[in-house]
2 protein chains.
Amino acid sequence: MATGRTHRPATRGRGIPEATVARLPLYLRALTALSERSVPTVSSEELAAAAGVNSAKLRKDFSYLGSYGTRGVGYDVEYLVYQISRELGLTQDWPVVIVGIGNLGAALANYGGFASRGFRVAALLDADAGLAGRLVAGLPVRHIDELEAIVADNQVSIGVIATPAGAAQEVTDRLVAAGVTSILNFAPTVLSVPDGVDVRKVDLSIELQILAFHEQRKAGEERQDPDGDVPAVMPA
Amino acid sequence: MATGRTHRPATRGRGIPEATVARLPLYLRALTALSERSVPTVSSEELAAAAGVNSAKLRKDFSYLGSYGTRGVGYDVEYLVYQISRELGLTQDWPVVIVGIGNLGAALANYGGFASRGFRVAALLDADAGLAGRLVAGLPVRHIDELEAIVADNQVSIGVIATPAGAAQEVTDRLVAAGVTSILNFAPTVLSVPDGVDVRKVDLSIELQILAFHEQRKAGEERQDPDGDVPAVMPA
DNA sequence: ATGTCTTTGTGAACGCGTGCACAAAGATGG
DNA sequence: CCATCTTTGTGCACGCGTTCACAAAGACAT
């Protein structure tokens, strides 16, 4: 049944839920750690604890990939690492361009997690001509005008935007026109892209505001009338 | 009815859905932009477009806050900015410490979105004694041993972790012990914290892997047998 | 005042994700 | 070879979030 292709609950192949996809990297990280410690097998309970999720959820997630476990034993670590890597597309090479080499862009370029998993920084781009040629993380910063050529030459399909908000949409348009179909956006703006292009955004400011909301709630719960609109003045 | 406190569908006050909370900062940003252009009112349709969401969703989100719109007209921009800010807790000051002043930590310290919304960087901390005293974003880096004193003196309740993965859990433990109850984690690790402490994680590596998954799917769809396990070798 | 026209606020239906709880699978020991 | 024990894989129910579609509310003109 391990490699079997029978029956299958109408899922698999194309039907992996988005929520599951978002957790696969988490499992992969935990499994990689186990692999480095030469642990041969792991139960759903143990792995779930390491990944910080519920074991039933983990088993259901894996069931979308196929039946890769052995009842009574657990999952083979190496095998699972391979399967998840393959499913995520990490067995191939993904050239990436980073646009906007300010503090954040430089931090991203230096980030180790990049190269470790099939992602290769093809180029660092910035609009500031003064930066051109400067080495960041061992790579020379190149001028934004080279974007189109670099994307085409390296068959770049993933772009990372670390520019100021004002430049993000224009950079996006150029990336998309050049052939990029996935964008990771660190700029605090809503990007509009044509169908077929994926955008994921990482927004520090939003995360902090969500924390502030819960923090305020906690503070209000301690000693405040149950319906009070939090310690704050009323509107005009 | 604007300030009315009658009836109310069993929600409001404590019952704002998490998904809605996560979108409020998005609305706030769009509203702030409108406010700067001195736009007096905005319809749910317009605002939804600016925030990149569906208008029905936006109206339902706002309905959790109260009835702040005027039928036939729309929402008063200034009033809504105030209401959302208050709901998110941005009308008060939130001291924040950033731990780990490497590339990423420095980028975060320099990030403008911090100060702009009630967040104040109380201190920058790092374990490297060599960094101590060095100015980053106008603030001196201080040694990690000062953590407890700084958190206590400034009543810091939010901590940002930008350390290597190996140090993240220990830093977390110290932050929590010192009184921090909300943590924004940039280190690629699962943090364990006691009940009552909120953790949000931002993980570049995970975001990229999710993009790679979809990218692979797109590439496979173009010209590949519909059930083929992607261009890859089979397991042993 | 009355009617028209715009836009909100929300009831209801639907779909996705989560977690329980258990039957089936297989390892392991006698 | 059989019994027992562990752990997977999943059917099912529940709850949250999204979306549709429309009645109610109010602005505005006549």
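Proteins come first, then strands; the chains are lettered A, B, ... in the order of their sequence lines, and each starts at number 1.
- Of the residues in residues 193-203 of chain B, none lies under 4.0 Å from DNA chain D by heavy-atom distance.
- Take A/Ser157 and apply the side-chain hydrogen bond (donor to acceptor under 3.5 Å, both in side chains) test, not counting sequence neighbours, and it matches no residue.
- Sorted by first and then second residue, the pairs that involve residues 184-205 of chain A and meet salt bridge (charged side-chain N to carboxylate O under 4.0 Å, His left out), not counting sequence neighbours, are A/Asp198-B/Lys218, A/Arg200-B/Glu207, A/Asp203-B/Arg29.
- Between B/Leu58 atom CG and D/dT19 atom P there is a gap of 12 Å when expressed in whole angstrom units.
- For B/Ala177, there are no side chain to side chain contact (heavy atoms under 4.5 Å, CB included) partners at least two apart in sequence or on another chain.
- Applying the ring-ring contact (aromatic ring centres under 6.0 Å, His included) test to residues at least two apart or on different chains, the pairs with a partner in residues 20-48 of chain B are B/Tyr27-B/Phe62.
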Practice item. List the protein contact pattern of nucleotides 1-8 of chain C with one symbol per nucleotide (5' to 3'): B for base contact, S for sugar-phosphate-only contact, - for none; contact means a heavy-atom distance under 4.0 Å. Key: -----BBB
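- Applying the side-chain hydrogen bond (donor to acceptor under 3.5 Å, both in side chains) rule to A/Ser44 yields the partners A/Arg59; only residues at least two apart in sequence or on another chain are considered.
- Pairs passing the ring-ring contact (aromatic ring centres under 6.0 Å, His included) check and including a residue from residues 173-210 of chain B, sequence neighbours excluded, do not occur.
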Point to revise | Worked verdict on A/Ile210 versus B/Glu18 for side chain to side chain contact (heavy atoms under 4.5 Å, CB included) | key: CA-CA 9 Å; A/Ile210 295 172; B/Glu18 192 58 32; 4.0 Å; yes
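- Residue pairs meeting the salt bridge (charged side-chain N to carboxylate O under 4.0 Å, His left out) criterion with at least one partner in residues 89-98 of chain B, sequence neighbours excluded, are B/Asp93-B/Arg120.
- Distances were taken from every side-chain heavy atom of A/Ala19 (C-beta onward) to each of C/dT18, C/dC20, D/dG17; the shortest belongs to C/dT18.
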For nucleotides 13-15 of chain D, print each protein N/O atom paired with a nucleotide N/O atom at under 3.5 Å, atom names and distance only.
none

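- If you check distances only, the side chain of A/Lys60 never reaches the base of C/dT18 with a donor-acceptor pair under 3.5 Å.
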Could you list the donor-acceptor pairs under 3.5 angstrom formed by side chains in residues 164-171 of chain A, with sequence neighbours left out?
from, atom 1, to, atom 2, distance (Å)
A/Gln169, OE1, A/Ser192, N, 3.0
A/Gln169, NE2, A/Asp173, OD1, 2.8
A/Gln169, NE2, A/Ser192, O, 3.1

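- Between the P atom of D/dG26 and the CG atom of B/Asp76 lies a distance of 16 Å, rounded to the nearest Å.
- Remark: A/Lys57 is in phosphate contact with C/dG19, judged by side-chain N or O atoms under 4.0 Å from OP1 or OP2.
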For residues 30-40 of chain B, tabulate all N or O donor-acceptor pairs below 3.5 Å that involve a side-chain atom, not counting sequence neighbours.
from, atom 1, to, atom 2, distance (Å)
B/Thr32, OG1, B/Leu28, O, 2.7
B/Thr32, OG1, B/Arg117, NH2, 3.1
B/Ser35, OG, B/Glu78, OE2, 2.6

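- There is no side-chain donor-acceptor pair under 3.5 Å between B/Thr41 and B/Asp76.
- The B/Asn54 side chain lies nearest to D/dT19 when the options are C/dC20, C/dG17, D/dT19.
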